[in-house]
Each structure stands twice: as C-alpha cells, then as structure tokens.
Amino acid sequence: MTIDRYNARAAEIRWQQAWDTQRVFVTRNEDPRPKYYVLEMFPYPSGRIHMGHVRNYTMGDVVARYKRARGFNVLHPMGWDAFGLPAENAAVANKVHPRTWTYENIATMKAQLKSMGLSLDWSREIATCDPKYYKHQQKMFLDFLAAGLVERKQSKVNWDPVDQTVLANEQVIEGRGWRSGAPVEQRELTQWFFKITKFSEDLLTALDRLDRWPEKVRVMQRNWIGRSEGLHIRFALDPATTPDGETELEIFTTRPDTIFGVKFMALSPDHPLALSAAARNPALATFIAECKRTGTAQELIEKAEKLGFDTGIRAVHPFDPAWKLPVFVANFILMEYGTGAIYGTPAHDQRDLDFSNKYGLGNTPVVCPEGQDPQTFVITDIAYDGAGRMINSRFLDGLSIADAKEEVAKRLEREVRGNHPVAQRQVNYRLRDWGISRQRYWGCPIPVLYCASCGVVPAPEADLPVTLPDDVEFDRPGNPLDRHPTWKHVDCPRCGGKATRETDTMDTFVDSSWYFARFTDPWIESQPTDRMAVDAWLPVDQYIGGIEHAILHLLYSRFFARAMHATGHAGVDEPFSGLFTQGMVVHETYRTSSGAFAAPAEVKIEGAGDARRATLVETGEPVEIGPIEKMSKSKRNTVDPDDIIGAFGADTARWFMLSDSPPERDVIWTEEGVQGAWRFVQRLWRIVNDAAQFSENAPTARPHAFSEAALEVRKTAHRALAKVSEDIERLRFNVCVAHIYEFARSLQAVVTDSPKPVAPDLKFAVREAAEILVQLFHPMMPHLAEECWAALGHKTLLANQGWPALESDLLVEDTITLPVQVNGRKRADVTVARDARNVDIEASVLALEAIKRALDGKPPRKVIIVPQRIVNVVA
RNA sequence: GCGGACGUGGCGGAACAGGUAGACGCAACGGACUUAAAAUCCGUUGGGGGUAACCCCGUGCGGGUUCGAGUCCCGCCGUCCGCACCA
C-alpha cells in the first residue's frame, strides 16, 4: 500500500472546523479542574499578522495545548489592542474612518490567526475600541480618581511634534518619540496623571517575588523605578544676598557624608528661587531663557555642556555659619527630581567636578581611598566615588562613608530651625507619575467635564460610556474631538450650567493594562470585572511577549493590578506570575545596485557558503546579500505568514518557529529551514502510517512480557516522553524539537528494519510508541497530529486527549554504561549492573585493555567512581 | 559612563547540579533507487597525525581551583541589549 503525501492545506482546514464545531477550546469558568491562564500579548490590528506574531502565538499555543492535555482548565483568550494612532494616520491618508479601518484589519488578522490552528477561546474576544470595553475603563478611571490615584496637574511634558501629542517618559527613547522617531520637545500642559508613584516602593520590592520573570526584565524595572536613599537638607540663605521672601534652599543628596567637600549650590533653571532671583537680574533671566531654548529638544540636553550662572545668592553651611556657598543656576539640574536643587561636591561627583573646573570653584577631597595618603590625595579631572575613610571633614574624619552619612543625618535631624528639623532622611524615586492625556481622537475618552462654576466634574456613571462621535474630520493636524462642533458641549451634571468635555483621550497603554483581567469574564456589563472570575483566574500563569514591553506595558499593568485591587476590581497585585520574552524573527536583507531593498519573494538564491549569489527573479539583476535584521516593512525583508501557510501549511510554520533557536533568542528565517520543517511533516506522516500498518491487529491488552526489541521500543518512547514533557515545562521548545526528531528517527528504524512476521508484543510496543510520538508533537503541530491520530484508528479528537502516562520504570536500566577516564581523558566505556558495588566496578575498569595500556603496567594512584555517572582513574 | 547578557564545528544550536564536548537541525560531500530529475532512503562531516588499533589538539584569550572545567574563581578581549546629567 502506498501512502499519499500529507495534504496540509486540506487537513488543516478540516481539523480547524472540527475543533470549532465541537467548541473544544471554549473555556468555562465553572470548570472545577485546576486553572491555568496562558496569554500572549494581544496584537495591534495593524493590517496583517507578521512572523513575530506567528512565533509568539505558537509558543503560547504549545503551552496551552500541553497544559490542557495535562488536565488543567486552560484559559487562552485573544483580543485586539485596537485604539491608536495608525488608525488616524490611515484616516488622513485614505479617507477611511478609524473604526472601519480597525475592524477591517481585525477581520483579516482574525482569519489569519484562525488559519494557524491556535487553541484560542474566541468567545472571549475583546477589542479595546469597543465601547463595551472602554466603558469599564472609564468607570475605573472614575474609581481611581475617587481613590486619589488620578490627578490633574500642570507639568512639563514630552511633546511629539509629528504625532502632535504628549508622550510618557517611558515612550521617549533616546530623546525621540517611540512611534514617530521625531525629536521630543518640552511643553507645559495640564494633563491627567495616574499616580503610579504611590506604588513605587511596592512595585520595586515585589519584583523580588516574581521569580518566574526573566532577571533582565526585573533589572530593567528596578533601574527604571530608581530608588535612592538620602538626606533632605535645608540650607539657610544669607539674607544680604537673597531676594525678598526667600530664606532657605532645600536640597536632596545621597552623599551627606561629603558635606565638608561642598563648593557650591546649584538650582534647576525652573527652580522658584532661580525665577525670583531672575526677576531682579536681567542677565540671569537671559541665561535661564537660554537654558530653556536648548532645553526644547531632549536630545540636545543630553549632549549639552554644563553651564551655570552665579546668582549672587550665598547659602550658609549647616555646620559652619561663617562658611558661605555660591548659589548657581545650572542647566544640568532637573526640576523633576528631588527638590530641583543640589549641593556640589566636586571631588566625589564627576558632574560637579566638571562644573567646578569650568568655573574655578576648586575641590576638597573628603573621602580617601584605602592605601592612599590623605596628605597627597588630590583630585584633578576624575572624581572619586569609591570607598574610603573620611578626611578634611572635622568631626567626621576617620569614619567610614556609611558612618559619616549616619552621623550627618543624626546631627542635622536633631537641629531645629523654625520648628522644623534642618534635615530629614528621604527616599527618592526616578519613577514619575504616568501622564495619560493624549490629544487624539482614536482613544478612550477621559470621562470628565469642565464647568465654569463647578470646576472639574467627573462624568456621572449613568452616562458611561462617554463614546466617541462618528462624524469627525482628519483634514487638519491636532485633535478632531477638540474641533468637533457639538460633541464637547454639555450641561454640567451638578449645576446644569454650560460645561465642556475633556477632549483628550487616554494613552493606549491604559487599554492594555487590564485586558487580561477583562478576559476572565468579558460578558459582564455592570462592572469591569466579575470578582469571582478575576480572582479565580489571575494571575496569568504564563505571559508571553516581546522584550520591548519590559518596562512600559508590564509596569503599567502591575500598577493597574494594584489600583484595581485598591478600588475593589481585583484581588491580586501582580498580574503575571510567569513571564517569557521571546526573541524576534530576523531575515537576510537584499539590496539591488540602485540601493533599493528587494523582498525575499523577489530574490532567487543560488550556491552555498561563500559562493551564495542572489539575483532578482524578474530581471536576473544581481542583488547584494545584506546583514540579517529584524523583519520590517522598511527593509522589505518580511515573509508573509499567509504565503508560508498557503504553501506548506500552518504546522510547518509553527514547527520551524520552534526549531533550532532557543525561544528567548532571535530566530533566523531561512528558506532551507522551512523546507526542513516541511520535509519532517511529511516524514512524520509516513512514519505514523508505516507504524499503523506495522502494528495492524496489535493486541489491545498489554502483553505480560516483552521481548528485548519490544522493550527497547518502549524505553525509547518513554524516555522521549519524559524529556519532551520536561522541556515544554521549561519552555525549551528547540530542545523538544530535537528530542522529537530523535525519537521519530528511531521509531522509523524499528518499523523498517524489524523482521517479518512481527510478534504481537512488538506490534503493541510500536503502536504505543507511535501514539506517544503523535501526542508529543501535537502541541507544536496540532493538525498533523489529529490526522495521524485518526490514521492510528482513533475516532475522537486528539485535542481532547490527555497527556500520555509516563511509566518511569522504563527509564531505569538494569545495566549502565559508564565512561572511563584516565586523568580526566576518556579512554573506554564499562558496562556494569546498575547497583554494582564500587569494588566490582573498579575491578572491571582495571581489567579493560585500554586502561591497562594507559596505566602502562603501573598501579593506579586513585580510582574515583561517581555513582551512575563516570569513573576516573588517576595514574 | 552605569547596569545586564552572551562568546561552543561551515551555520542555528545541545550538554541536569563540575563528570563522555559538538545531541538535533541546516548546509556540504559520497552512495542507493530512477532512462533522467524531483521526492525518498543510507553514510560521512571540529582540526591534525597514522595502513590500522589508536594518538595529539580543541568550547574568545591568559592564569587558577579540582581526580576531572564549556560549566567555578581572577584578569583581559569582543559582541549585543537596557539606562543615561536622577544629585
């Protein structure tokens, strides 16, 4: 009998329909089995899925299908991060409404995802642009507002001049907008903020408990939160030098130990004292204006030279009333951090030293490194920030840095001026509140009103959702909501007078900060979450997505979980107990002689190694093979998942995405790799069919005894089962793939090489092995697995089948083969009984020809036997 | 500058917890089948030496610990990523 080639296209559609009709992947909240929530970061509906999606969703699907087989009630939902700027850009470019554009994209991408055969519960699908979703987001905004977790304040914001909107600090990358890439400017605006800083300490310390997160991500978040302990000190100002009404200057320092090395004070150009001093000093006012000018582009600030201006004001040293310090305005002092003012200790801070050297303020070293002579220790160009003993510091001399910090804090805390202590210990964070106002149409409206007499008024809950108007124009830059003739004009719900709506919408990162909670009960209309459901399902057991969200999305979601907890919408603080960040899909780039990029589909490759040459298919023009880079439209090195699925089927694409590269690293998409995956699909199909034929009429009951050959088949199968199970648990999919290749190859050898007729026990063993093989690759290639399962005579869906039971007895061998080393070099193998005594092992080892030769007739000095592992003979 | 990760054949990579380095795949080469090709199957493939049994070298470089080091320690070199005037 000849076996037809496996027709992936036809089979895949058939099995997808079968899963659909039988509602296999629809999850019930009432299901009593233990829960497992696996989630991949939901996509932005940009138009079509790309290979990055294929990789991400395949990994999630492997975990979901595996856990389902292991008996868990698996929640594996999907939705759409559907608000955002590209929809508006499309509206400008193509005169299509953002909603239309978005939903058309969703339809396309949903069909593409379905063609991948993912075990998703589509009944829970949500789109964040749906008023049924953002209604609840508005409700939570109001709850957060009432709970003091939202505030409206004026602040300097990052303004993206291309997108014409505000960006959060996290969205500014190297001084440029994360989406537009335009240099970001600073502007003063009144904005809505989520008070993420209220949770700074908890967001930081809780990272230690996220032991199933990549260390890299935790480090990045730790740095981002940027906790530092220090002292808040009030310096008195010399009245003779100070503008009216000003008496003191507050600073924050993490190095109070260096207080006797201080040479100057420096203020941010935005500092109130700087401004009041500027009011009577035109030159200073000019300097400040200058700072702000260079300060419009973040990029320039970072490269700018340190500049200062002496205000003429003098501060008084807290330990010496006679010691006066010049107060400068300096361009490198940030108003947003600490108090916006510092004291400068040039010897021990590089920035202060640069500044001091420029303005001739000198420096006095106050920390002397171990082994240095304090008399000769001088600082010229490089500040010293290491450990050491205090010098030149009066009562601190001889103390360690830590003791000196403590001593200064103690003394200044005790000292009182104007009923307040002169200094207080303080913890500062780099983390800022999350500004969420965006001057955009296609986002969730912020549900507040402004009334001339009542001020800021929250929208009444009965009016939620505050929906977006449909009739908007995108013919001009700026926010269409603001220009809309009627939308923003409403009556004040408090006084009935005239009021206007907030026309800013929320940052789309708000939408994605709680979708994982909504998935647990997306049907409930009365509230954002059903507490029974959300508390039962959260946290997400395994979250999978790109490293690019290490800070933004993941930190916001952690904040949201806490805020939802505080307002009664959820019972957990951490949304994701397990996190995995997968690598990118990369591909070679191709350039024609004109410098234009060519797409892989347009290029023909010939030769191998150094002789590899590329030409354009159409013209035969030679093409330069360029570096391997992340697949992107601009470099045209993308491969369309539809093309791959069309040509080879989803299973081939899925298998290739899991092969070779470790999941956290980048994977290089190659035509050869796809071909290899496709060949293996066909090979599996043949092996399973051959095995089915081989084991025809196999006994259904397990034989009492097995021949050596049959036993070997069973051992191989169960060893593979053990390894693959373990490696799926550890998300080491590339290693799973290798084990499956190995197992398949050995099963194939048994089926081809065994003499006929076949004994019943071997039939049984081969049949068992074939079933295990199919079940092992099922999470990775579900369609092929169903087809094979049917070929093995099963009438039920493999998707509903449990994971095979491991017979661990089969993993234990009666005899073991140990490598034998002489002086750490392998010389031979020795096969002994598993429980052989060491003396017997030693005797067998020393009897080996190769060992005798290596010892050259001399007795060994020592024989080291590591049980079950290795023997080393020391000559 | 600060912080982190990594460095293994021609390539992607494997090696539990200090115990046989190079699993598995790709590419390449040789062979079988075929009129031929495709497809499939089998074999070889870190470097060097030897007819062979076998021997020597080998996990970025230099040291160290150990019976034994890809793995641990110290010092370099290189690559990638994140943060970047945060006082």
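Chain letters run A, B, ... following the sequence lines, proteins first, then strands; residues in each count from 1.
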Determine the Euclidean distance between corresponding [atom1] atoms of [M] and [N]; express it in Å to zero decimal places.
{"N": "B:G10", "M": "B:U45", "atom1": "C1'", "result": "10 Å"}
{"N": "B:C57", "M": "B:C42", "atom1": "P", "result": "36 Å"}
{"N": "B:G9", "M": "B:G70", "atom1": "C1'", "result": "14 Å"}
{"N": "B:U66", "M": "B:G22", "atom1": "C1'", "result": "24 Å"}
{"N": "B:G46", "M": "B:A53", "atom1": "P", "result": "16 Å"}
{"N": "B:U65", "M": "B:C73", "atom1": "P", "result": "16 Å"}
{"N": "B:A17", "M": "B:U71", "atom1": "P", "result": "14 Å"}
{"N": "B:C54", "M": "B:A36", "atom1": "P", "result": "40 Å"}

Exercise. How about A:Asn689 and A:Arg686: do any of their side-chain heavy atoms sit closer than 4.5 Å?
Worked result: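 In short, these two side chains do not touch, never coming nearer than 4.5 Å.
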
Interatomic distance where [atom1] belongs to [X] and [atom2] belongs to [N] [whole Å]:
{"X": "A:Asp354", "N": "B:A87", "atom1": "CG", "atom2": "C1'", "value": "14 Å"}
{"X": "A:Phe733", "N": "B:A23", "atom1": "CZ", "atom2": "C1'", "value": "19 Å"}
{"X": "A:Ile551", "N": "B:C81", "atom1": "CD1", "atom2": "P", "value": "15 Å"}
{"X": "A:Gln748", "N": "B:U40", "atom1": "CD", "atom2": "P", "value": "11 Å"}
{"X": "A:Arg683", "N": "B:A39", "atom1": "CZ", "atom2": "P", "value": "14 Å"}
{"X": "A:Asp829", "N": "B:C54", "atom1": "CG", "atom2": "P", "value": "12 Å"}
{"X": "A:Arg745", "N": "B:A23", "atom1": "CZ", "atom2": "P", "value": "12 Å"}
{"X": "A:Leu747", "N": "B:C24", "atom1": "CG", "atom2": "C1'", "value": "17 Å"}

Exercise. Does A:Ser661 or A:Ala341 map to a spot on RNA chain B nearer the 5' end, using the closest nucleotide for each?
Worked result: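 On the 5' side of the pair lies A:Ser661.
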
Exercise. Nearest nucleotide by nearest heavy atom, which residue falls closer to the 5' end of RNA chain B, A:Asn823 or A:Asp727?
Worked result: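 Nearest-nucleotide comparison on RNA chain B picks A:Asp727.
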
Looking only at side-chain atoms of [X], point me to the closest of [options].
{"X": "A:Phe252", "options": "B:C67, B:A21, B:A87", "result": "B:A87"}
{"X": "A:Arg5", "options": "B:G19, B:A84, B:A39", "result": "B:A39"}
{"X": "A:Arg732", "options": "B:A87, B:A14, B:A21", "result": "B:A14"}
{"X": "A:Phe332", "options": "B:C67, B:C85, B:U20", "result": "B:C85"}
{"X": "A:Gln821", "options": "B:C85, B:C57, B:U20", "result": "B:U20"}
{"X": "A:Trp224", "options": "B:A87, B:G19, B:A84", "result": "B:A84"}
{"X": "A:Ala738", "options": "B:G19, B:A23, B:G12", "result": "B:A23"}

Between [N] and [X], is there an OP1 or OP2 to side-chain N/O distance shorter than 4.0 Å?
{"X": "A:Thr752", "N": "B:C41", "answer": "no"}
{"X": "A:Arg665", "N": "B:G13", "answer": "yes"}
{"X": "A:Arg218", "N": "B:G3", "answer": "no"}
{"X": "A:Arg827", "N": "B:C55", "answer": "yes"}
{"X": "A:Arg430", "N": "B:A87", "answer": "no"}
{"X": "A:Tyr741", "N": "B:G25", "answer": "no"}

Problem set entry | Stacked cation flag A:Arg5 on A:Trp685, 6.0 angstrom / 45 deg |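 No, A:Arg5 does not lie over the aromatic ring of A:Trp685.
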
Need the pair for [N]. Rule: Watson-Crick or G-U wobble, both distances under 3.5 Å, any strand; none if unpaired.
{"N": "B:C6", "value": "B:G78"}
{"N": "B:A52", "value": "none"}
{"N": "B:G1", "value": "B:C83"}
{"N": "B:A28", "value": "B:U44"}
{"N": "B:A37", "value": "none"}

Problem set entry | N-glycosidic conformation, B:G30 - syn within 90 degrees of 0, else anti |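 It is anti.
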
Indicate, with a heavy-atom threshold strictly under 4.0 Å, whether [X] touches base, sugar-phosphate, or nothing.
{"X": "A:Val866", "answer": "base"}
{"X": "A:Glu672", "answer": "sugar-phosphate"}
{"X": "A:Thr253", "answer": "sugar-phosphate"}
{"X": "A:Gly338", "answer": "nothing"}
{"X": "A:Ile333", "answer": "base"}
{"X": "A:Asn734", "answer": "sugar-phosphate"}
{"X": "A:Thr670", "answer": "nothing"}
{"X": "A:Arg222", "answer": "nothing"}
{"X": "A:Arg730", "answer": "nothing"}

Problem set entry | Under-4.0 Å salt bridge between A:Glu664 and A:Lys216 |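 Result for this pair is no, no salt bridge flagged.
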
Exercise. Side chains of A:His587 and A:Glu629: do they bring a donor and an acceptor to under 3.5 Å?
Worked result: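 No, no side-chain donor-acceptor contact under 3.5 Å.
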
For this session: Indicate whether the side chain of A:Thr364 and that of A:Lys263 have a donor and an acceptor atom separated by less than 3.5 Å.
Result: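 Yes - a donor-acceptor pair under 3.5 Å links their side chains.
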
Exercise. Would A:Trp655 and A:Tyr741 count as a ring-ring contact (aromatic ring centres under 6.0 Å, His included) if you check the C-alpha gap in whole Å, the side-chain angles of each, and the deciding distance to 0.1 Å?
Worked result: CA-CA 11 Å; A:Trp655 185 255; A:Tyr741 270 115; 5.8 Å; yes

Exercise. If you measure from CD on A:Glu250 to OG1 on A:Thr339, what distance do you get to the nearest 0.5 Å?
Worked result: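 With rounding to 0.5 Å, CD (A:Glu250) is 7.0 Å from OG1 (A:Thr339).
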
For this session: Report the relative orientation of the aromatic rings in A:Phe355 and A:Tyr359; use parallel for angles under 30°, tilted for 30 to 60°, perpendicular for over 60°.
Result: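 A:Phe355 vs A:Tyr359 ring planes: tilted.
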
Problem set entry | A:Ile841: which of A:Ile816, A:Val832, A:Val820 passes side chain to side chain contact (heavy atoms under 4.5 Å, CB included) |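 Among the candidates, only A:Val832 passes.
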
